[in-house]
Amino acid sequence: MKKVLVIGCLNMDYSVTASRFPKPGETLLGESVKISAGGKGATQAYTVGKLGGRAAMIGYVGEDFQGQQLIDNLASVGVDVSGVSAYPGEVTGQAFITIDSSSGQNHIVAVGGANARVDRRAVDDHRAMFEEADIILMQHEIPVDTVYYAKELALELGKTVIIDPGPAFPDLREDFFRGVTYAKPNETELAILTGINTDTMEGIEKGAARMLEMGVEHVIVSLGGRGCYVADRSGSRLIEAIPVKAVDTTAAGDSFIAAFALALSAGRSEDEAIAYAQAVASISVTRKGAQASIPEPEELAAKGFVFS
Ligand code: RIB
């Protein structure tokens, strides 16, 4: 099994469930509140670890008890947390999530705290972790300059680079995605990254083609309940989702891309990795929370997914 290194954010998630999203200026009565471990980066590292892969993480938490809880949660599933430390004087990243209980869809506002401190020096300080890893997995909740710098180092070292470009930013430097092995935007992120309207399938195809022009080798556009659109220079295809009743989609993308990376690390093909990723994400959305929603490896084994 190869090693997956995640460089990214760690957040404590404050999730409130309501019967629908509030309108601007409206006060709505919520149904429940859950405070739990999240953050795109941490949830991805946690997923790889929990499902039996070899995972390591680089990131910062704040000098507070939430930060230690997040580190402990990663360590509990075997993630190498030697690259995660408390940034002096900072608070742990926090995400405020509203979930529509009728659809499981969410709105997220994340406040970076220590995540905003993950800079080029954090990459340089942990160069040995890059050298030891095979797959580098990143997102955009740390400064994008750091993502770019880490990508360049990873490519120089001959690693597989996977970027989950959320949150998406327009006008990234021209070579930002050059050489990236896999990028996995959702349709909203794809529109922001490319400036192309992705409301239709034709728009999604154009957006994915634009990502290939930007230098990505393979694009996986996650389309929620519709599945995912996969494109590279040899062709494209739409892969249908596994139908489920979603309760909370918070970790859908994170569990998907982490499981995909894990399956690649176990030597599986792209199609096999997507099938596994869909199975993991389809279970995750039926449960509340980010890391709390990641299934046990036995649940995947029951569906025929076993890595050894
Ligand atoms: O992708 C979901 C995650 O985004 C949440 O856990 C939240 O912390 C934000 O990082």
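Heavy-atom minimum distance, Pro143 versus Ala116: CG-O, 3.4 Å.
Side-chain contact annotation: Thr47 with Gln44, donor-acceptor N/O pair under 3.5 Å absent. Between the side chains of Ser234 and Asp232, at least one donor-acceptor pair of N or O atoms lies under 3.5 Å. With 3.5 Å as the limit, one finds no donor-acceptor pair spanning the side chains of Ser36 and Asp13. If you check the side chains of Asp64 and Thr92, you find a donor sitting under 3.5 Å from an acceptor.
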Exercise. Decide yes or no on ring-ring contact (aromatic ring centres under 6.0 Å, His included) for Tyr148 and His140, but give the supporting numbers first.
Key: CA-CA 10 Å; Tyr148 173 78; His140 288 181; over 10 Å; no

Practice problem: Apply side chain to side chain donor-acceptor pair (under 3.5 Å) to Tyr60 and Ser85, showing your working. | Solution: CA-CA 5 Å; Tyr60 290 131; Ser85 56; 5.3 Å; no

Practice problem: Show your working on side chain to side chain donor-acceptor pair (under 3.5 Å) between Glu217 and Thr181 and close with a plain yes or no. | Solution: CA-CA 5 Å; Glu217 289 179 15; Thr181 323; 4.9 Å; no

Quiz item: So Ser222 and Lys184, side chain to side chain donor-acceptor pair (under 3.5 Å) or not? Walk me through it.
Solution: CA-CA 7 Å; Ser222 51; Lys184 189 216 68 68; 3.0 Å; yes

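His218 and Tyr182 have parallel rings, their planes meeting at less than 30° on a 0 to 90° scale where 60° marks the start of perpendicular.
Remark: Phe260 CZ to Ile135 CD1 distance equals 8.5 Å, nearest 0.5 Å.
Pairs of residues two or more places apart, or lying in two chains, never qualify as salt bridge (Lys or Arg N to Asp or Glu O under 4.0 Å) while including a residue from residues 239-258.
Screening Gln291, Gln68, Lys50 for a side-chain hydrogen bond (donor to acceptor under 3.5 Å, both in side chains) involving Asn73 leaves a single residue, Gln291.
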Please tabulate, for side-chain N and O atoms in residues 17-24, each donor-acceptor pair with protein atoms closer than 3.5 Å (sequence neighbours left out).
residue	atom	partner	partner atom	Å
Arg20	NH1	Glu26	OE1	3.0
Arg20	NH1	Glu26	OE2	3.4
Arg20	NH2	Glu26	OE2	2.6

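Legend: residues meeting side chain to side chain contact (heavy atoms under 4.5 Å, CB included) with Val111, ordered by chain and number and at least two apart, are Phe96.
A donor-acceptor pair under 3.5 Å is absent between the side-chain atoms of Asn115 and the main chain of Val61, judged by distance alone.
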